[in-house]
Amino acid sequence: MEAEALLNRLNEEHSLTAEELVTLLKEMTPVLKKRLFQLADETRRKYYGTQVYVRGLIEFSSFCKQNCKYCGLRRGNVKAERYRLTEKEIVDCAAEGYKLGYRSFVLQSGEDFGFTEELMISIVRRLKSRFPDAAVTLSIGERSEAFYRALYEAGAERYLLRHEAASRPLYESLHPGMSYENRLRSLALLKSIGYQIGAGFMVGLPGQSYGHLAEDLLFLKELQPEMIGIGPFIPHSSTPLKHAVGGTVDETLVLIALARLLVPKALMPATTAMGSLDPGGREKALAAGANVVMPNLSPLRVREKYALYENKICTGDDGPRCRGCIELRIAASGYEIALGRGDHYSYSRTP
Ligand code: SAH
Ligand code: SF4
């Protein structure tokens with residue numbers, strides 16, 4: 001079937017086979033791309049209107065025990081500067097976000113077991129008691145089932161854990177010492193506990209084919225996560241993948257739009273990585289079906305140290321400046337900033 005017919009079917013049925021997705025990816029023309037983005041935007045508007053949800057991001061530790069080949073925070077990167085925020089600093093970052101109107105916070109870090117279950121519970125409880133109408137999301141890597149349960153009980157309601165690669169060989173080639181099974185098991189567990197979960201992947205990884213990308217998209221369709229993070233891979237000069245080519249904004253936009261059509265109600269960020277490769281990258285992502293932005297609330301002195309990749313944007317803008325900039329960008333793209341908790345379509349909208 002020709003690519004245009006495949007796209008129309010994808011739009012109507014929200015489903016295609018892996019082979020059909022590969023055909024669509026291979027035969028993507030500028031005209032088809034325009035149509036794809038338009039359909040993705042219409043789909044997002046059907047469920048979420050023109051609203052773009054805001055999550056205040058707090059990068060609270062750059063320590064990591066893992067060694068993911070693509071990431072600047074991997075433990076093998078001896079040049080990485082490591083820091084940990086204190087519990088008080090984390091709460092202060094959230095307080096600043098709260099003042100700016102944010103009602104959704106993402107706590108992100110490397111896999112830092114210095115942040116014990118006890119400490120994480122204390123942080124989440126404090127955030128929930130001080131900001132009861134705000135949602136708390138964790139993005140801290142793989143932990144035990146008991147940990148996931150305890151943090152859910154403490155009030156964390158969302159968990160971001162990108163699957164990174166649905167293909168086992170590709171996953172294993174990028175994650176020395178990590179288990180593909182455990183990644184998938186963690187996502188299933190988090191979902192069964194009751195978290196709104198986020199999965200996703202990077203575009204442009206070395207060894208990643210159209211076949212792999214089709215597998216990633218179908219994995220998302222099967223899992224039905226509430227949130228889907230898709231961003232370009234940006235090589236970091238102090239990692240084993242320093243000579244890799246990396247992903248582009250253009251390729252990533254296609255994957256974002258396809259994910260929107262396959263999982264129509266997902267919440268999907270216009271990632272900082274998109275904005276880092278192209279000053280208009282996040283706006284382009286919004287126009288291709290993304291509907292979340294994540295302004296940074298981390299203290300300015302640590303921003304450059306949280307270097308998953310280099311040349312990250314927004315390392316010099318404090319909370320209020322980020323807020324102003326993001327709001328302007330959203331409005332200029334023809335959308336509206338939504339400052340509520342921004343729950344998934346299927347969840348109750350009450351705090
Ligand atoms: N340690 C946690 C959360 C921080 S990493 C975790 O791994 O889940 C958050 C995301 O950053 C990862 O899921 C990965 O997809 C992305 N990332 C890491 N290195 C990157 C790079 N070089 N370019 C683009 N994205 C990267
Ligand atoms: Fe650590 Fe996450 Fe980076 Fe992997 S992607 S090295 S787990 S911070």
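Below, each value reflects all heavy atoms present in this structure, side chains not excepted, and no hydrogens, waters or symmetry copies.
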Inset, instruction - Report yes if the distance between the aromatic ring centroids of F60 and Y83 is under 6.0 Å, otherwise no. - result: no

Inset, instruction - Give the C-alpha distance, both sets of side-chain angles, the deciding distance and a yes or no for salt bridge (Lys or Arg N to Asp or Glu O under 4.0 Å) between R9 and E20. - result: CA-CA 10 Å; R9 184 142 61 76; E20 290 167 336; 2.6 Å; yes

Inset, instruction - Please say whether the positively charged group of R44, taken as NZ for Lys or CZ for Arg, lies over the ring of Y335, i.e. under 6.0 angstrom from the six-membered ring centre and within 45 degrees of the axis. - result: yes

Legend entry - Heavy-atom closest contact (S186 atom, Y148 atom, distance): OG-OH, 3.1 Å

Legend entry - Donor-acceptor under 3.5 Å (K191 side chain, Q224 main chain): yes

Legend entry - Pairs involving residues 280-297, ordered by first then second residue, that meet side chain to side chain donor-acceptor pair (under 3.5 Å) (sequence neighbours left out): E59-N296, R260-N291, D278-K284, E283-R329, N296-S298, N296-R303

Inset, instruction - Using atom types as modelled and distance alone, determine if a side-chain donor or acceptor of N77 lies under 3.5 Å from a backbone N or O of G72. - result: yes

Legend entry - Derivation of the side-chain contact (heavy atoms from CB on, under 4.5 Å) call for L262 and L21: CA-CA 11 Å; L262 285 163; L21 284 168; 4.3 Å; yes

Legend entry - Cation-aromatic face contact K312/Y306, 6.0 Å, 45 degrees: no

Legend entry - Heavy-atom pair with the smallest gap, counting every atom of A285 and I256: CB-CD1, 4.0 Å

Legend entry - Within 45° cone and under 6.0 Å: R55 NZ/CZ vs Y102 ring: no

Inset, instruction - For L25 and L255, run side-chain contact (heavy atoms from CB on, under 4.5 Å): C-alpha distance rounded to whole Å, both residues' side-chain angles, the deciding distance at 0.1 Å, then the answer. - result: CA-CA 9 Å; L25 286 166; L255 274 299; 4.1 Å; yes

Legend entry - Separation of F233 CZ from K69 NZ (nearest 0.5 Å): 11.5 Å

Inset, instruction - For residues T137 and E157, determine if any side-chain heavy atom of one lies less than 4.5 Å from a side-chain heavy atom of the other. - result: no

Legend entry - Verify same cluster id: I234, L170 (apolar side-chain graph, 4.5 Å): no

Inset, instruction - Taking all heavy atoms of Y347 and all of G194, pick out the closest pair and write down the distance. - result: OH-O, 4.0 Å

Legend entry - Same cluster (ILVMFWY, side-chain, under 4.5 Å), L119 and F113: no

Legend entry - Side-chain donor or acceptor of D216 paired with backbone N/O of A166 under 3.5 Å: yes

Legend entry - Cation over ring face, R84 and F63, 6.0 Å, 45°: yes

Inset, instruction - Could you grab the distance from atom CG of L277 to atom CG of N311, nearest 0.5 Å is fine? - result: 9.5 Å

Legend entry - Side chains of S15 and L10 in contact at under 4.5 Å (non-hydrogen atoms): no

Inset, instruction - Return yes if some donor-acceptor pair links the side-chain N/O of R82 with the main-chain N/O of S62 below 3.5 Å, else return no. - result: yes

Inset, instruction - Examine H163 together with F219 and report whether their ring centres are nearer than 6.0 Å. - result: yes

Legend entry - Distance-only donor-acceptor check, side chains S209 and H212, under 3.5 Å: yes

Legend entry - Hydrophobic cluster identity match, Y152 and I123, side-chain contacts under 4.5 Å: yes

Inset, instruction - Could you state whether L138 and L308 fall into the same hydrophobic cluster, counting links through intermediate Ile, Leu, Val, Met, Phe, Trp or Tyr residues with side-chain heavy atoms under 4.5 angstrom apart? - result: yes

Legend entry - Donor-acceptor contact below 3.5 Å, side chain R162 vs main chain G200: no

Inset, instruction - Measure the CZ-CD1 distance between R321 and I326 for me, rounded to the nearest 0.5 Å. - result: 13.0 Å

Inset, instruction - Show the numbers, then the answer: is there a salt bridge (Lys or Arg N to Asp or Glu O under 4.0 Å) between R149 and E145? - result: CA-CA 6 Å; R149 288 193 189 280; E145 178 174 354; 2.8 Å; yes

Legend entry - Nearest-0.5 Å distance, CE of residue M274 to OG1 of residue T248: 8.5 Å

Inset, instruction - Treat each ILVMFWY residue as a node, draw an edge where side-chain heavy atoms are under 4.5 Å apart, and state whether L205 and L253 are in one component. - result: no

Inset, instruction - Show your reasoning for whether side-chain contact (heavy atoms from CB on, under 4.5 Å) applies to R74 and Q66. - result: CA-CA 6 Å; R74 66 197 305 271; Q66 298 297 2; over 6 Å; no

Inset, instruction - With the side chain counted from C-beta on, respond yes when L218 and E215 share a heavy-atom pair under 4.5 Å apart, and no when they do not. - result: no

Inset, instruction - Given ring pair (Phe, Tyr, Trp, His ring centres under 6.0 Å), test Y70 with H175 step by step and report yes or no. - result: CA-CA 9 Å; Y70 43 78; H175 301 97; 5.3 Å; yes

Legend entry - pair R35-N8: side-chain heavy atoms closer than 4.5 Å: yes

Inset, instruction - Could you tell me which non-hydrogen atom of T43 sits nearest to which non-hydrogen atom of L261, and how far apart they are? - result: OG1-CD2, 3.3 Å

Legend entry - Heavy-atom pair of closest approach, residues N67 and G76: OD1-N, 2.9 Å

Inset, instruction - Determine whether L223 and I197 make a side-chain contact, defined as any pair of heavy atoms from C-beta on separated by less than 4.5 Å. - result: yes

Legend entry - Non-hydrogen side-chain atoms of V293 and I337 separated by less than 4.5 Å: no

Legend entry - Validation row: V52, L286 side chains within 4.5 angstrom (heavy atoms): yes

Inset, instruction - Look only at the side chain of Y210 and the backbone of K26, and say whether a donor-acceptor pair between them is shorter than 3.5 Å. - result: no

Inset, instruction - Check the surroundings of atom CD in E19: do more than 12 heavy atoms from other residues, nucleotides or ligands lie under 6.0 Å from it? - result: no

Legend entry - Point-to-point distance, once rounded to the nearest 0.5 Å, from CG of L6 to OG1 of T17: 8.0 Å

Legend entry - Check ion pair R168-E172 (N to O, under 4.0 angstrom): yes

Legend entry - Separation of E336 CD from T50 OG1 (nearest 0.5 Å): 3.5 Å

Legend entry - Sidechain-backbone polar pair: S276 side chain, T272 backbone, donor-acceptor under 3.5 Å: yes

Legend entry - side-chain contact (heavy atoms from CB on, under 4.5 Å) assessment of L187 paired with Y159: CA-CA 9 Å; L187 281 165; Y159 207 108; over 6 Å; no

Legend entry - Any donor-acceptor pair under 3.5 Å from K265 side chain to E226 backbone: no

Inset, instruction - Answer yes or no: is there an ion pair linking K46 with E42, defined by an N-O contact shorter than 4.0 Å? - result: no

Inset, instruction - Say whether, by atom type as modelled, one donor and one acceptor occur between the side chain of K128 and the main chain of V136 under 3.5 angstrom. - result: no

Legend entry - Test: E142 and K65 ion pair at under 4.0 Å: no

Legend entry - Enclosure of E118 CD (heavy-atom neighbours >12, cutoff 6.0 Å): no

Inset, instruction - Identify the two heavy atoms, one from V124 and one from A156, that lie closest to each other, and give their separation to 0.1 Å. - result: CG1-N, 3.5 Å

Inset, instruction - Name all residues meeting the salt bridge (Lys or Arg N to Asp or Glu O under 4.0 Å) criterion together with E310; count only those two or more places apart in sequence or in a different chain, and write none if there are none. - result: none

Legend entry - Donor-acceptor contact present, side-chain R130 to main-chain A95, <3.5 Å: no

Legend entry - Non-hydrogen side-chain atoms of Y171 and R183 separated by less than 4.5 Å: yes

